[in-house]
Amino acid sequence: MPTLLEGKTALVLGVANRWSLAYAISQAFVREGAKLILTYQGDRQKQTVEELAAELKAHQAIACDVTQDAQLAALTEGLQQQGTVLNAVVHSIAFANREDLSRPFLETSRSGYALAQDVSAYSLVAVARAAAPLMTAGGSVTTLTYLGSTRVVENYNVMGVAKAALEATMRYLANDLGPSNIRVNAISAGAVKTASARGISGFSKMLEKAAQLAPLRRNTDPAEVADAAVFLASDLGRGVTGNVLFVDAGMQMMGFTRAE
Ligand code: NAD
């Protein structure tokens, strides 16, 4: 088996449980020989993530709520003190109020809009700024996005707007960090049943429809998203930055119906 990430250290933010895309990515990173550092959002997730970290033989699991600048600063400082050089960072984080993912977009509150932007888009700036000083040998920052950034997907609402901001954020960061040989990209994953996805009203129906419509006639496997993340984090992706890479069974290029 090739080990594409041998000798690399990867920080993965966004493991909540076994269904998290970040968990599949972590598994693939370990398979490819990376030294893994995980973060967890808060005390509620600490035990689960620590158990998963042990299972994955991760080096450590660190608390990091991305809305808390002090926690991000502590993350940088802690890793700096250990002499950690990061080669890859995965940002797999999003949040919006449940009611904003079920009612008409027109009803979105100011605070709900700001919250979705803060956690789901601004956090990439905050994470990249915290990680960059540790990426002294260059490397890769990858975030996770969804088609709802450019297309209207029912009930995705405020998260679609946040993903549009996230993708633009990714491009501006790619421009800023390019001279440090740090690449910044997004993977646009097809719909996968995770805890976050369950918060979107009508998600199961959407999964069914996507499987019918996608050129590959099936849904996205988290392992496929993970392998794309390996590519971007590895030297194979060395020329790729500022990109949205679709891993969605081809769904993104389809029209809205299939005659059959
Ligand atoms: P998930 O619920 O497993 O992961 C979301 C993660 O965000 C959780 O680990 C949660 O703890 C974390 N998070 C939320 N607020 C946070 C905060 N303040 N600080 C730190 N962490 C915080 O769901 P997922 O589907 O694996 O989502 C991961 C990423 O993939 C998200 O950006 C999501 O939008 C994106 N994505 C998901 C799908 C899908 O269909 N599941 C498709 C495309 C993109």
Side-chain angles (χ1 to χ4, degrees), residues 11-27 38-49 52-53 61-72 74-75 89-98 101 114-124 126-127 130 142-151 153 155-167 169-170 186-200 202-211 214 219-226 228-229 244-249 251-252:
L11 174 69
V12 178
L13 301 98
V15 175
N17 51 49
R18 258 175 233 288
W19 293 272
S20 296
L21 291 179
Y23 179 72
I25 292 169
S26 298
Q27 281 184 311
L38 297 181
T39 66
Y40 53 89
Q41 185 183 348
D43 284 344
R44 219 158 47 91
Q45 291 176 350
K46 185 173 194 281
Q47 196 187 339
T48 309
V49 177
L52 294 175
I62 306 169
C64 184
D65 181 326
V66 293
T67 63
Q68 305 299 316
D69 288 335
Q71 290 193 24
L72 283 157
L75 178 76
V89 176
V90 175
H91 169 279
S92 186
I93 287 173
F95 185 77
N97 287 327
R98 214 182 172 94
L101 302 171
L115 176 70
Q117 288 284 332
D118 188 22
V119 179
S120 317
Y122 178 75
S123 65
L124 183 63
V127 166
T142 303
T143 187
L144 276 295
T145 188
Y146 178 62
L147 184 63
S149 60
T150 52
R151 307 278 175 91
V153 175
N155 293 322
Y156 201 61
N157 297 353
V158 73
M159 190 53 78
V161 178
K163 292 301 192 194
L166 178 71
E167 290 171 20
T169 297
M170 174 276 290
I187 295 173
S188 187
V192 174
K193 204 172 243 175
T194 62
S196 290
R198 280 172 212 270
I200 303 159
F203 182 78
S204 295
K205 194 126 221 126
M206 192 173 116
L207 264 185
E208 270 174 46
K209 287 200 171 151
N219 287 126
T220 299
D221 179 348
E224 297 164 347
V225 176
V244 177
L245 174 59
F246 285 90
V247 183
D248 66 347
M251 184 64 196
Q252 55 92 18

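Numbering starts at 1 and runs along the sequence shown. Counting starts at 1 for both ligands and their atoms, in listed order.
Here T143 has no heavy atoms under 4.0 Å from ligand 1, in either its backbone or its side chain. Using a 4.0 Å cut-off between heavy atoms, M159 makes no contact with ligand 1 at all. Contacts of L13 with ligand 1, taken as heavy-atom pairs under 4.0 Å, are absent altogether. If you look at K193 next to ligand 1, there are no close heavy atoms at all, none under 4.0 Å. Proximity of L144 to ligand 1, defined as any heavy-atom pair under 4.0 Å, is shared by backbone and side chain alike. Counting heavy atoms under 4.0 Å from ligand 1, residue C64 touches it through the backbone alone.
Between Y146 and ligand 1, a contact under 3.5 Å exists for no N or O pair. At a 3.5 angstrom cut-off on N or O pairs, G14 counts as close to ligand 1. Between Q41 and ligand 1, a contact under 3.5 Å exists for at least one N or O pair. Note: no N/O pair closer than 3.5 Å links T67 and ligand 1 by distance alone. Considering backbone and side-chain atoms together, F203 places no N or O closer than 3.5 Å to any N or O of ligand 1. Checked against a 3.5 angstrom limit, the closest N/O atoms of S20 and ligand 1 fall inside it. Some N or O of V192 is nearer than 3.5 Å to an N or O of ligand 1, by distance alone. An N or O contact shorter than 3.5 Å is missing between W19 and ligand 1 by distance. Inclusion of A197 in the set of residues having an N or O under 3.5 Å from an N or O of ligand 1 is not warranted.
Among pairs with a residue in residues 186-199, none fulfils salt bridge (charged side-chain N to carboxylate O under 4.0 Å, His left out), at least two apart in sequence or across chains.
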Begin with the C-alpha distance, continue with both residues' side-chain angles, and end with the deciding distance and a verdict on side chain to side chain contact (heavy atoms under 4.5 Å, CB included) for L147 and F246. CA-CA 9 Å; L147 184 63; F246 285 90; 4.2 Å; yes
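Annotation for V15 and Y23: closest pair CG2-N, 3.8 Å, computed over non-hydrogen atoms. Closest approach of A249 to A214, counting heavy atoms only: O-CB, 3.5 Å. For V66 against I93, the heavy-atom pair with the smallest separation is CG1-CD1, 3.7 Å. What you find for A16 and Q45 is that their closest heavy atoms are CB-NE2, 3.7 Å. Considering all non-hydrogen atoms of both residues, A226 and A24 come closest at CB-O, 3.3 Å. When all heavy atoms are compared, the tightest approach of D248 to T220 is CA-OG1, 3.3 Å.
Each of the following atoms of ligand 1 lies closer than 4.0 Å to a heavy atom of G190: 40 (O), 42 (C). Near Q45, the atoms of ligand 1 lying under 4.0 angstrom from a non-hydrogen atom of the residue are 11 (O). Those atoms of ligand 1 that come under 4.0 Å of a heavy atom in V15, given as number and element, are 9 (O). Numbered from 1 in the order shown, with element, the atoms of ligand 1 that lie under 4.0 Å from a heavy atom of A16 read 8 (C), 9 (O). Near A191, the atoms of ligand 1 lying under 4.0 angstrom from a non-hydrogen atom of the residue are 40 (O). Close approach of ligand 1 to T194 (heavy-atom distance below 4.0 Å) involves ligand atoms 23 (O), 24 (P), 25 (O), 26 (O), 41 (N). Using a 4.0 Å cut-off to heavy atoms of S196, the atoms of ligand 1 that qualify are 1 (P), 2 (O), 4 (O), 5 (C), 23 (O).
Looking at L21 and P222, their side chains come closer than 4.5 Å, going by heavy atoms from C-beta outward.
Distance from atom 31 (C) of ligand 1 to its nearest protein heavy atom, with residue and atom name: A94 CB, 3.7 Å. The protein heavy-atom contact nearest to atom 19 (N) of ligand 1 is V66 N, 2.9 Å. Among protein heavy atoms, the minimum distance from atom 18 (N) of ligand 1 is reached at D65 OD1, 2.9 Å. For atom 6 (C) of ligand 1, the nearest non-hydrogen atom of the protein is S92 O, 3.5 Å. The nearest heavy-atom contact from the protein to atom 34 (O) of ligand 1 is K163 NZ, 2.8 Å. Of the protein's non-hydrogen atoms, the one nearest atom 43 (C) of ligand 1 is T145 O, 3.1 Å. Scanning the protein heavy atoms around atom 21 (N) of ligand 1, the nearest turns out to be I93 CD1, 3.6 Å. Remark: minimum distance from atom 38 (C) of ligand 1 to any protein heavy atom is reached at L21 CD1, 4.0 Å.
Rounding to the nearest 0.5 angstrom, the gap separating the CG atom in N155 from the CG atom in N157 is 5.5 Å. Between atom OG1 of residue T143 and atom CG of residue L124 there is a gap of 5.0 Å, rounded to the nearest 0.5 Å. Here the OG atom belonging to S149 is positioned 10.0 Å from the CD atom belonging to Q252, to the nearest 0.5 angstrom. Rounding to the nearest 0.5 angstrom, the gap separating the CE atom in M170 from the OG1 atom in T142 is 10.0 Å.
Here the side chain of K163 pairs a donor or acceptor atom with the backbone of L144 at under 3.5 angstrom. Not a single donor-acceptor pair under 3.5 Å links the side chain of D69 to the backbone N or O of L72. Between the side chain of D65 and the main chain of G42, no donor-acceptor pair closer than 3.5 Å is present.
With respect to L38, the side-chain contact (heavy atoms from CB on, under 4.5 Å) criterion is satisfied by exactly one of V90, V49, L11: V49.
When the heavy-atom distances from atom 15 (N) of ligand 1 to V119, T220, L166 are ranked, the shortest goes to V119.
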Extract all donor-acceptor atom pairs below 3.5 Å that involve side chains of residues 115-123 and protein atoms in other chains or at least two apart in sequence.
residue: S120; atom: OG; partner: F95; partner atom: N; Å: 3.0
residue: S120; atom: OG; partner: F95; partner atom: O; Å: 3.2
residue: S120; atom: OG; partner: A116; partner atom: O; Å: 2.8
residue: Y122; atom: OH; partner: R129; partner atom: NH2; Å: 3.1
residue: S123; atom: OG; partner: H91; partner atom: NE2; Å: 2.7
residue: S123; atom: OG; partner: V119; partner atom: O; Å: 2.6

